[in-house]
Structure formats: C-alpha cells, structure tokens
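Indexing begins at 1, ligand by ligand and atom by atom, following the structure's order.
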Amino acid sequence: MWIRRGNIMFENKTVRETCEELQTDSEYGLSYTEAAQRLQDNGANELKSAKKKTKVESFFEQLNDPLIYVLLAAAAVSILLQEVSDAIIIIVVVLMNAFVGIIQEGKAQKALDSLKKLTSPRAVVIREGKEQEVQASSLVPGDIVCLDAGCQIPADLRLVKANNLKVEESALTGESLPIEKNVDFIAGKGMGRGYKASSVPLGDRKNMAYMSTIVTNGRGLGIVTATGMNTEIGKIAALINDSQEEITPLQKRLGELGKMLSILSLGLCAALFFIAVLQHRNMAEMLITAISLAVAAVPEGLPAVVTICLALSVTRMVKVHTIVRRLPSVETLGAVSVVCSDKTGTLTQNRMTVEGCYIDEKIVDSSELKLREHSELLQGMTLCNDAVQKDGSSIGDPTELALLNLAGQYGIRRETLEREMPRKKELPFDSERKMMSTMHKNGSTNITYTKGAPDVVLKRCSRILIRGKVTAMTDTHRRQIQEAIEKMSSQALRTLAVAMRTGGNAPVERELTFVGMVGMRDPARPEAKGAVARFRQAGVTTVMITGDHVDTAFAIARQLGIVERQEQCMTGEEIQSLPDEKFLRKLDDVRVFARVSPEHKVRIVKGFKTKGNIVAMTGDGVNDAPSLKSADVGIAMGMTGTDVARQASDIILTDDNFATIEKAIEEGRGVYENIRKTVIFLLSSNLGEIMTMFLAVLCDIASPLKSSHILWINLITDSLPALALGVDENDGDSLMEEPPRKPKESLFARGGLACTCFYGLLIAGISLTAFFTVPYELIMSKGASFSISNIALALQNSDILMRAQTYAFTVLGMSQLFHAVGMRDIHKSVFRMNHFENKWMIAAFVLGFVLQISVTEVPVLIKAFGTVHLEFHEWLRLTILAAFPILAHEFMVFLQKPEKDVCNQVKMESIRIDR
Ligand code: ATP
C-alpha cells in the first residue's frame, strides 16, 4: 500500500527513483486492485469547490431585496390597522417567494454540478500493461498516463517519455508560450540527488507536467506524482474556483427593461395613491393597496424567468447529446444563421474502411494486395500508426484503425511487427503538416515511414517503389498518382499516401520514396442530409470545412445537399491567396472549404461574421481553439475532440453528430420563443392588474381589488402559468420554418408590443366589467339610470362592494389562466394545440382554478380575503367573461390563417425548387 508522505520533489529524481518511491512500473502501471486501494486512501483526483452557501444564508439572501422590505413595511402597517389577515397574507407571500427562490437556486446549482461532471476530462492510463480510458478523477499516484497533443494534463506527472512534447502552462505560470518538455533528471541546487526541497522554479521543471496545463504538441508518458488538491494547481485552487456566473445578453436586456418598467409602475402606483388621497379615500388602506400593486406590477422576476428557461433547456439539451458550457450560448444558438461543420465524424460516420489502393501504378481493390509484393505498404501503414487494437478493443484515430484492420486481414499485427522493428523516433501527426513519420530499427539500419495527405507527401517524394524496385520519380509518375488521387477522391474516398526513407538517425520528411496510397470510405451520416435540408428551410446555411481533399469533400457535400457545383468549393491555398475583399465576395457562394488548416478556419468564421451572420463552428483539434473562440457559438466534439477544443467551446456535442446541431438550434429557438411568450404574458397580465385599479380610481369609484387579492394573483395565478410557458414544448417544425431572428431583435418585435397592450387592456376591460356587473344589477333593479356616480354610490354598500370585488378578483385571476393557454402558440387555435405536451400548463391551469374557487368557497379563505360565496350561475357567467382572452386568441388566429397557409405553401414550393 502506498501512502503519500510529505512533499517529495520528483523533478530531482530519476525515473527509476520515482517508480521506486511511488511503487509502480512505468510499463506495466498499477494493478487494478492497487489503483482502487490508492483511490480509497488518497481520494478522488478533483479540485474541491469553494464553500457552498448554507440554506439559512440563501434564505436571508432571498429576503435582501428592496421590494421585500416594502412588503414587510406594508405588513407592519396592516398590523397597526388591525388588518391581521392582510398582514398574514403578505408574510405568506414573502416566505413563499423566498422558498421558491431557494428551490430555484438549488436546482441551478445541481444543474451546474452535473454539468461539471459531464465536462470533466478523461485520461488514457496504463494499468496492468493495458492502455485504457478512464475518468481523470479516478487517477491515483503511481498511475502511468499517456499524453497526446490537445489533451489537458489530468494530474501532476513526472515524465517518462517525451516525443516533441510541448506543454502550455499559462494556467500555472502565466507563461503562454509552450514549454518543450524532456525526461532528464534535474539535480537540486547544491545537492547530490536531492531529496530536499527543489529550488528549481515551476516553469523550469522540464521533466514534470502539471495538472490543468495543456499539451500543444507531441506525445508523452508520465507517472502520476500528485492528484487533486495535492497538485500544484490544487494549491492555488481556491483562487481559480470561484468563476463568476455569466449574465446572458437577454438577461441583461430584461434586467434593464425590468428596471424601466419598475420605475413606470412605481410612478403609476404613486399617482394612484395621490389621486386617492385627493379623493379623500382611506389613506392607510390605499397605501397598502398601492404598495401591493407596485409589488405585483414590478416585473422583478423577469431575469429569473430567463435563468430558469435557460437552465431547464440546458438539462433538456443533455438528452439530445449537447452539453452547454456557457449559458448565453443557448440564446445565441437560436439566432445562428451559418453553421460551419467539420466533415470527418460530424457529417460522416468516422467509420472508415479501406476500399482501394494505388500500388505499382494501378488502383486495385483492397482485397487484391499481395502480402509479399506489397509488404512495404502494409508495413508502413501498420508501423506509422498510433492506434491500438488489443483484446478486441480499439483505441485511436478511425483513419489509423482502418489501416490496422486492412493489415490485420493480411495477418499483420502492429504489436508483433513493432517487436521486430521497434519505434525509435517520431514526428507526430498534426493537421497543419497533414502527415506523420515514425523511424524504426530495421536490422542494423533505420527505416522511416511517412503517411499523410497524398498531395503533401507527393511533394516530398523524389523516388517511387514499383514492383519491389526503387526508381527516380518522373513527371509521368506524378501525373499518374495525381490522376489516381482525383479518381479516388471523386468517389468520395479519403486518400492517404505512404512513403519511406532508409538510413539516418532521425526521421526526415524529404527525399522520400513513394510506396503507395489507400482510399477509405467514410460514409455520410444518414441523418445529416435531412438536417442540411431542414437548415435550409430554417434559413441556416451549412458550410463544410475540412482538412480533406477538395474532390472528396465535394463528393460528400453533394451527397448531403450542401453544394451543387464544383465552383462552390475553395481550397486552403485559395483562401491564402485571396485578398479580403474578394474573399468576402466569394463567401456568398462557396459552401465547401477543403484542405484548410486551422488558421484558415478563423478567417472563414470572421468572414461570415463580417457579412452579418451569427456563426456556429465545430472543431476538435488542438489548433481549432482560435476558430472556436472567434465563432459566436463554438461547438466541440465530445467523442473525438481534444480537451483544448472542449475548453475553447461554448457547447459540446456528445455524439459528434451534425444532426445534433440542428436539435440544439431548434432548442435555442424554442427557448427564445418561450422567454418571449413568458415575458409578454407576465407584462400583459401586470398591465391588466394596473389598468383595472387605475381606471377605477380615476373614475373615483371604490377599488376593485384588495391588496391581498393583488398579491394572491401575483403569486399563484401569475407565476405558475408563467413557469409553464417557460418550459413549453414548441412545435419544432414551425420553429424551423422561420428564418433566424436578428441577434438584436427586441422581445416586443413581431407584434409583441401590440400583443402585450391588447391583452393587458382586454383583461382590465373584462375585470372591470365583472366589477360593474354587481352595482349595475342593483341600479337596474331599482330602475335608476346607469352612470358612474350611481355605480360609485351603489359600491358604498359594503355587501355590494364585497361581491363586486369578488367578481373582479375571480375574473382577473381566471382570465390570466385562459390567457396563458392561448399564449402557448399565438398562431394556433387552442383546439389544435396538443395540451398534453405541456403537463405543467395543465397543472397550473387546474391548480389556479381550484385555488381561485377556494378563495370564494372555503370559509377561512373567504374571511382572509374578504370575498363572498358565489352561486353556480355566477361562476358560469364569470368563467365565460374570463375566457374572453381565448375568444380573442381564436379570432386572431382566424384572421392570420389564410396568410400563414399561403406563406407555408410558397415556402414549400421554394424548397422543392431548391432540391
Ligand atoms: P475534418 O477537418 O473534416 O475533420 P480531416 O480529418 O480530413 O477532416 P485533418 O485531420 O486535418 O482533417 O486531416 C487532413 C488530412 O491529413 C487528411 O485528409 C488525411 O489525408 C491526412 N491525415 C489524417 N489523419 C492522418 C493520420 N493519422 N496520419 C497521417 N495523415 C493523416
């Protein structure tokens, strides 16, 4: 059993000493049982998060709000006036608000925690001699970890192997230039093989790699020396733990809108109070009413609604294989107008099989190779390969696995071959060079195999191997190879050339001997074609960006419906040669960018952005971080992506699938629509409440609602339907029929303002109608004339006033429930909506109705709210009146219908023409 003892300076130890100290073996690693034991003893390899708030702290935080102070003051005034029931209602409202707030906060925290788990890095570790991928949190001291370009270092490591290994340590040292690492032992200053404290600064410990830093180049192997809070980054973890939560642009805009509306409604309520004073009403009562109205009307919850909608959508997105790293990107997704996607693995399946080979001046089927005649090609593709196939499991790049599979069909295994011809040195693959080389011991000499993009490899070849003989490469050979590349590529095959060079002590990538070429099939994802078509319908342009050959890219892009003509393709070379102005003009038509390097991607993204688009961009490689960052929404690949790409991204696709982007955009649009619906609903309902009160006071009649009624409506009938709208299931088809919204579009655009005012006034109108019905009937029964002064007079009778207020209260509460149902889709009749899609709305509606009935039917509540019992026929009349928002909704849907149908027809026609 190994237990950590004090601070050991592993940089001052040799690899052997490190292994002895940590009781491990740099090739075999730890056994599973030992690793499990050490995990138990040392704890998980995680940075502890900052101290969490207690429930009591959260509770008091919720109460720390000016509006709550005002409400508490109103409660105090009520007690002074001996209106105990009002005071109780106010206090219940305050407490419920605080509890709802705590629950919401807890939910948001949970969502964030599970997000953290989902995005936590993984690591490739050697245990019992086998390479395997594990959660980085399960690493223990003594584990042997494999490092690759693009990976985030999962723990502190003493390096055992370093091939061109460069690590960017800015997270730790602030130094942004990558540091070249090696495995050499560093002597402690003034000591022999120092066991005492190292005086070597962190940045100079070249034989160590530290947690959270990033491999930018090369490959390596290291022994875990420290995990979790014992790592160097762990020691400063408290500093980096507290990352501030970001506020989304919409939240910000709503916050500002909320402030503006607050000032407006506070002004209105103050005006209401002063008018009431001038009218010599009961001042204390009017003060509480005005305060309650102000509390109800101030849309303080707007930013919270957005947070809830966004947070819930983040949870929903996980189900459709999308992890959202930054909340604001959900919002931006809804406005995306260009999606730039990688080809391999995103638009295609990344399941490669070699179909054909170009060897000895001709293209043959992959099954027609001859083991002895074509041994150099088979050996080259096997040795110059980093994929691992062991015990039925495969780890590595699908391109390389396809090569191992082909070699396997001829009985060649990498493990066996490497024992005969061990790898001595290597130049790892990078998407800039588009090739890789490995040097192997071959008897008394060395042999280097290079494999990579044929056009790149060909440029470095001066000889060619034909039927076992090496000859000088002529122009005819080059032309033949070029023709073979074009032929294979036009059949959508991904091509890869193999070359070799004998002798030398280091791999050199020039003066090579061309050995042969393979063509691999990577089938398009079946669902991608549909997604491209739906994107087009939704006004979103799909652009393919790939490192692959232009003909391969064109063939696949045409299959998927991204392009029709070859002229719509552009290569990295062309991008390089075009001046900005011409390049921007080309962007109108070009839909495929091939043989691009990562820096071109940034230019493409910026180009589309300059043209006013909101751009989503996928990426997986080490060098994709700049383009992911410059896109409006950076999308990293969860399966094949590097840690670097994941960290630079806004969202991660856990299935690397293009069609998932469509679902994410649909979700983004849906969330925006839900927020818009909720905001319009809340504001129109608030407007209804204010106008009801304001108009009555202006007419110098008794107030139609008591303060407790207003607070009740605000808490129960308003908030539940608003939340139900926030989580509404939108009709995906109709969401993806519209072009993307403009990024700066106001929530009140496209008729939103008119809708808010209309429903606000309608709700006020029907509530006042209900209020007037009681005095009206009295006036009529007495044969008096119907006038405002007679109504005012009739309302002086407290029984009449109580009944009239009960009517207004009931209609106002219920009309908002009906209004919420209509707001689910302002273009669709309620009879055509699928109400079971939104169970929350059904619950909010039923609960709202039951609660509204209980305030007039349950004796305790009748007493508390000062209402009266209503007869069945009264309920019937009031329900019909309250349903007016639905009638208005149906009428407007009826008016819109012909136009919408025509629009759809025109749209469908144009899609048919496009296809
Ligand atoms: P995409 O950018 O769509 O994911 P890609 O995988 O083709 O496409 P890169 O990874 O940059 O993009 O590869 C560019 C080219 O490099 C490929 O077309 C292929 O010819 C070559 N290549 C890819 N993987 C390897 C590899 N493991 N070894 C050698 N060459 C490779």
Return the residue, atom name and 0.1 Å-rounded distance of the protein heavy atom closest to [atom].
atom: atom 3 (O) of ligand 1; value: K343 N, 2.8 Å
atom: atom 2 (O) of ligand 1; value: G547 N, 3.1 Å
atom: atom 31 (C) of ligand 1; value: F429 CE1, 3.2 Å
atom: atom 11 (O) of ligand 1; value: S431 CB, 3.1 Å
atom: atom 29 (C) of ligand 1; value: K451 O, 3.4 Å

What I want to find out is whether [X] reaches [Y] closely enough, with some N-O distance under 4.0 Å, to be called a salt bridge.
X: R433; Y: E509; answer: yes
X: E666; Y: R534; answer: no
X: K434; Y: D455; answer: no
X: K606; Y: D580; answer: no
X: D656; Y: R525; answer: no

Taking a cutoff of less than 4.0 Å between a non-hydrogen atom of the residue and any ligand atom, is M544 in contact with ligand 1?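 M544: no contact with ligand 1 (<4.0 Å).
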
Does T346 have a heavy atom less than 4.0 Å from any atom of ligand 1?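 Under 4.0 Å: no for T346.
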
Within the 3.5 Å criterion, strictly below it, is a donor on D632 or T332 matched to an acceptor on the partner's side chain?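 T332 and D632 do not have a side-chain donor-acceptor pair below 3.5 Å.
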
Side-chain H-bond candidate by donor/acceptor type, S490 with D551, under 3.5 Å: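 Per modelled atom types, S490 and D551 side chains form no pair under 3.5 Å.
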
Go through ligand 1 atom by atom and flag the ones less than 4.0 Å from a non-hydrogen atom of [X].
X: A453; value: 20 (O), 21 (C)
X: T495; value: 20 (O)
X: E400; value: 26 (C), 27 (N), 28 (N)
X: R595; value: 15 (C), 18 (O)
X: D397; value: 24 (N), 27 (N)

Considering both backbone and side-chain atoms of [X], is one of its nitrogen or oxygen atoms within less than 3.5 Å of a nitrogen or oxygen in ligand 1?
X: T399; answer: no
X: T344; answer: yes
X: D620; answer: no

Nearest option to atom 23 (C) of ligand 1, as decided by whichever heavy atom of M436, R494, K601 sits closest: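 Answer by nearest heavy atom: R494.
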
Go through the steps to decide whether M473 and R478 satisfy the test side-chain contact (heavy atoms from CB on, under 4.5 Å), and finish with yes or no. CA-CA 7 Å; M473 171 128 25; R478 278 184 204 282; 3.9 Å; yes

Step by step, work out the side-chain contact (heavy atoms from CB on, under 4.5 Å) result for L347 and D342. CA-CA 7 Å; L347 287 163; D342 268 345; over 6 Å; no

Can you list the steps and then say if M736 with I665 is a side-chain contact (heavy atoms from CB on, under 4.5 Å)? CA-CA 9 Å; M736 296 303 269; I665 290 185; 4.2 Å; yes

Picking from D548, D522, T552, what satisfies side-chain hydrogen bond (donor to acceptor under 3.5 Å, both in side chains) with R494?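 When side-chain hydrogen bond (donor to acceptor under 3.5 Å, both in side chains) is applied between R494 and each of D548, D522, T552, only D548 qualifies.
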
Per-residue contact class, L496 against ligand 1 - non-hydrogen pairs under 4.0 Å: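 For L496, the contact with ligand 1 is made by the side chain alone.
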
